[in-house]
Protein chains: 2
Amino acid sequence: MSYDNDDWDDDWDDDDSETGTSNLNGAGNFGLSAPNRSVKPTSSVGDVSSAGAGKASVDEKEKVFVDETANGPRWRPNPHEFTCAISSPKKESKFHGMKSFIAYTVMPSFSSTSVSRRYKHFDWIQARLSEKFPLIPIPPLPEKQISGRFEEDLIEYRMTMLQSWIDRICRHPVVAQCEVFHHFVTCPNDEKLWKTGKRKAENDKLVGANFYLAIERSDQPLDMIQTEAKLEGYTRFFSNMDEAVKLLQNTCLDQAKKHQTAYKREYNKVSHAFSKLSRAFDTDPSNCAPGLTEAIHHVSEAYADIGTVFEEEPKHDWDPLCNLLFEYKGLIDGFPSVISVTKGAIAKRRQVEKEASEGRLDYDQVPPMIKRSDTVAYALHAEVAHFHDERTRDFKKAMTSFLTEQINFYQKVTDRLREALQKFNDV
Amino acid sequence: MSYDNDDWDDDWDDDDSETGTSNLNGAGNFGLSAPNRSVKPTSSVGDVSSAGAGKASVDEKEKVFVDETANGPRWRPNPHEFTCAISSPKKESKFHGMKSFIAYTVMPSFSSTSVSRRYKHFDWIQARLSEKFPLIPIPPLPEKQISGRFEEDLIEYRMTMLQSWIDRICRHPVVAQCEVFHHFVTCPNDEKLWKTGKRKAENDKLVGANFYLAIERSDQPLDMIQTEAKLEGYTRFFSNMDEAVKLLQNTCLDQAKKHQTAYKREYNKVSHAFSKLSRAFDTDPSNCAPGLTEAIHHVSEAYADIGTVFEEEPKHDWDPLCNLLFEYKGLIDGFPSVISVTKGAIAKRRQVEKEASEGRLDYDQVPPMIKRSDTVAYALHAEVAHFHDERTRDFKKAMTSFLTEQINFYQKVTDRLREALQKFNDV
């Protein structure tokens with residue numbers, strides 16, 4: 001893949017919208033060119049087993065550790081955990097306002113300097129990380145365009161999702177420590193410095209199939225039958241997760257839409273019916289019990305307000321849950337290929353063992369292959385364990401927040417009705 | 001109208017269902033025959049103005065008073081107010097179980113003896129009262145068959161509605177005091193006594209157009225222009241009420257149905273989606289965080305329970321409101337004809353006045369006609385005032401109860417969600 005198209009005025013500006021009105025000047029695009037995603041990295045994910053030891057040297061700081069714990073293999077925790085805050089989305093432009101884009105402020109917790117990044121920079125780092133870590137599913141970015149959202153909503157939504165995305169990367173014990181990610185979160189808004197880091201990342205030898213060379217793990221060989229059974233378990237689990245997440249995501253979308261349309265409409269219908277009753281009462285020429293007429297009018301208003309409460313509810317509960325599920329859908333989508341890479345390594349190892357036992361291959365070639373397939377399996381076990389940690393953390397938080405908001409929501413409805421009921425005490 | 005078809009085994013048994021299984025014996029039908037409703041009473045409602053004074057003598061106890069109050073003409077309150085409790089619907093049968101019917105126990109508050117009445121007896125008294133009081137809309141009975149209800153529900157529903165009906169009659173200062181109604185609520189389950197009271201009611205001279213003869217009111221003549229303006233106001237008001245009540249009734253029916261079908265289904269869908277997520281979590285081979293899996297399962301159960309709360313809600317709020325609106329629909333339906341009787345009396349009076357002024361009629365005939373049309377107008381004013389009293393009382397009570405139940409309902413939902421949220425504290 002080539003990133004030579006480094007000129008500042010490149011055409012990869014598909015998150016820009018043309019505008020002739022603004023004269024603002026701001027951050028450029030740091031010379032990012034559109035990666036050609038149909039071209040695979042030279043050492044593709046599939047042939048991880050054939051990547052040779054010693055083809056790339058591994059610096060101490062580039063090493064990645066899988067520790068053996070009471071709960072099985074785990075990525076070694078990041079000794080320098082950090083977070084990144086994304087804030088202040090600003091509409092900026094270049095070419096004297098011909099092109100406009102949104103720049104976000106990214107502030108790592110270990111730094112005192114914030115940097116400015118555009119969606120396309122996120123897109124670039126996402127692609128780099130996906131390329132570098134074939135054994136680690138990198139969550140996809142939020143979708144570029146969400147139909148039906150107003151611009152401010154879209155910017156707000158995208159920032160929330162980018163924050164969630166970068167939080168997830170920061171929490172990953174391996175990914176958060178890699179150089180290219182640090183480059184992304186720290187490189188000042190300076191074209192030269194950006195290009196230097198970019199070129200360095202492009203020259204990284206430990207990407208794709210070579211990544212396993214950086215993995216340090218226990219010398220304990222893995223039982224192959226047990227490993228294969230585990231892989232089957234992973235496959236089943238992620239397949240179930242995929243279906244469940246898709247269903248719940250659709251349910252969220254469906255409920256969010258219904259709250260804003262059908263349910264709101266129903267409460268408006270109820271409101272209208274009470275309003276009509278109160279207006280009929282109001283035409284009593286003797287004007288008997290005007291307080292009752294007024295109180296029923298308040299009931300009508302209460303149900304209209306409840307309609308609005310319904311309309312505004314999804315952003316508090318269904319939308320955030322849906323956003324998490326979007327992230328999980330992306331994460332889960334990454335596992336089948338990671339599992340299949342591991343299966344491929346095991347198949348290759350079986351083949352080498354078979355050929356050696358049949359005398360068609362030198363026995364010396366067997367141990368490196370075993371080591372290689374075990375390393376890949378260790379990495380997968382560690383990554384699945386990390387996924388479960390994330391899942392437990394995320395869903396506990398998401399469900400707690402969802403239910404709390406649902407409770408607030410129904411409480412709001414109850415409170416509004418209580419207020420309406422109060423009026424009848426004075427009748 | 002003839003009620004001679006008094007034989008115990010009459011065929012007017014359309015509230016009976018044939019059954020060959022029951023051998024119960026019980027109250028008969030007191031020899032009620034089907035009134036032929038297409039036959040109008042001899043002195044029809046429309047020609048009240050032409051009913052002559054002195055054609056029927058009025059006993060002191062049959063007199064009906066319209067008092068002049070600060071708020072205009074009112075029926076004199078019933079000095080012997082009472083209530084009637086309807087209870088213990090019992091399935092009984094006759095012809096050795098060939099016909100079965102429901103008998104209700106009716107217990108007036110002034111009596112120590114309860115009586116047994118069937119739906120057809122209610123139907124009979126409703127017809128008698130409608131016939132006797134052309135200037136007072138008598139609420140219709142609950143419908144005989146409500147499609148889709150189970151038998152127990154139907155019996156329960158009908159009893160509730162009959163109770164509400166008899167309560168309304170008891171609250172009416174004029175209707176509650178009439179002899180035929182007392183006969184209905186007190187006559188023991190004895191065929192002979194029943195027939196005696198029935199014949200007496202049938203021989204009542206003060207029915208229909210003659211009822212106005214029983215009305216005693218202020219000698220103050222009414223301003224005709226003002227009266228006509230009031231009638232227009234009544235017409236507009238009842239027309240508005242009619243539309244509003246119909247709309248709210250349809251809204252109640254619609255909401256009740258949606259709670260039991262669409263809304264319940266939505267909560268079940270949400271429940272299903274969470275259930276699927278919890279089952280997917282359950283297939284994690286490492287069984288990490290089983291408490292979370294369990295808690296999400298509880299969320300699924302909570303939403304299924306909420307679906308049931310929705311399904312069972314209408315009987316607490318929408319159904320009772322709908323029942324009241326059914327009664328009001330019936331009451332309101334009665335007013336246009338009462339208003340038109342009054343308009344007819346005024347038109348007749350204008351005609352007589354005109355003919356007298358043109359010398360085509362003796363002036364002596366004018367004052368009785370004025371007196372007659374004023375009496376009818378006094379009665380209408382009193383009846384409309386009574387309607388407003390009832391409306392204020394009924395809707396204050398109904399709305400208070402409706403809102404209280406709605407609050408309980410949303411509170412139940414909130415409580416159930418709180419319970420589900422609690423489970424996440426232990427994860």
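For B:Gln249, no part lies under 4.5 angstrom from a heavy atom of chain A. Only the side chain of B:Gln255 comes within contact range of chain A, judged by heavy atoms closer than 4.5 Å. For B:Asn71, no part sits under 4.5 Å from any heavy atom of chain A, backbone or side chain. Using a 4.5 Å cut-off between heavy atoms, B:Tyr267 touches chain A through its side chain atoms alone. For a residue to count as touching a neighbouring chain, one of its non-hydrogen atoms must lie under 4.5 Å from one of that chain's; by this rule A:Thr400 touches chain B with backbone and side chain alike. Proximity to chain A is limited to the side chain of B:Ser286, based on heavy atoms less than 4.5 angstrom apart. For a residue to count as touching a neighbouring chain, one of its non-hydrogen atoms must lie under 4.5 Å from one of that chain's; by this rule B:Arg391 touches chain A with backbone and side chain alike. Using a 4.5 Å cut-off between heavy atoms, B:Phe402 contacts chain A through its side chain alone, with no backbone atom that close. The contact between B:Leu417 and chain A is made by backbone and side chain atoms together, counting heavy-atom distances below 4.5 Å. For chain B, the nearby part of A:Lys258 is the side chain; its heavy atoms alone come within less than 4.5 Å. Within the 4.5 angstrom heavy-atom criterion, atoms from both the backbone and the side chain of A:Val270 approach chain B.
Residues of residues 299-317 of chain B lying under 4.5 angstrom from chain A, judged on non-hydrogen atoms, are B:Val299, B:Tyr303 by number.
Aromatic ring centres of A:Phe395 and B:Phe281: separated by under 6.0 Å.
Considering only heavy-atom pairs separated by less than 4.5 Å from chain B, the leading option among A:Tyr263, A:Tyr234, A:Phe409 is A:Tyr263. Most heavy-atom pairs under 4.5 Å with chain B: of the set A:Asn240, A:Ile407, A:Thr251, this distinction falls to A:Ile407. Taking B:His272, B:Lys396, B:Met241 one by one and counting their heavy-atom pairs under 4.5 Å with chain A, the maximum is reached by B:Lys396. Chain B forms more heavy-atom pairs under 4.5 Å with one residue of A:Leu277, A:Asp254, A:Asp284, A:Asn408 than with any other, namely A:Asp284. Of the listed residues (A:Glu266, A:Lys269, A:Gln406), the one with the most heavy-atom contacts under 4.5 Å to chain B is A:Glu266. If you tally non-hydrogen atom pairs under 4.5 Å between each of A:Glu243, A:Arg416, A:Arg236 and chain B, the highest count goes to A:Glu243.
For the pair B:Tyr410 and A:Gln411, the minimum side-chain heavy-atom distance is 4.5 Å or more. The closest side-chain heavy-atom distance from A:Leu247 to B:Lys276 is below 4.5 Å. Inter-residue side-chain proximity for A:Met399 and B:Ile296 is flagged as met; some heavy-atom pair is nearer than 4.5 Å.
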Show every donor-acceptor pair shorter than 3.5 Å between a side-chain atom in residues 418-427 of chain A and any protein atom, with sequence neighbours excluded, or say none if there are none.
none

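Contact between B:Cys288 and A:His388 at its shortest, heavy atoms only, is SG-CB, 3.5 Å. Across B:Phe237 and A:Pro285, no two heavy atoms sit closer than the pair CB-CD, 4.2 Å.
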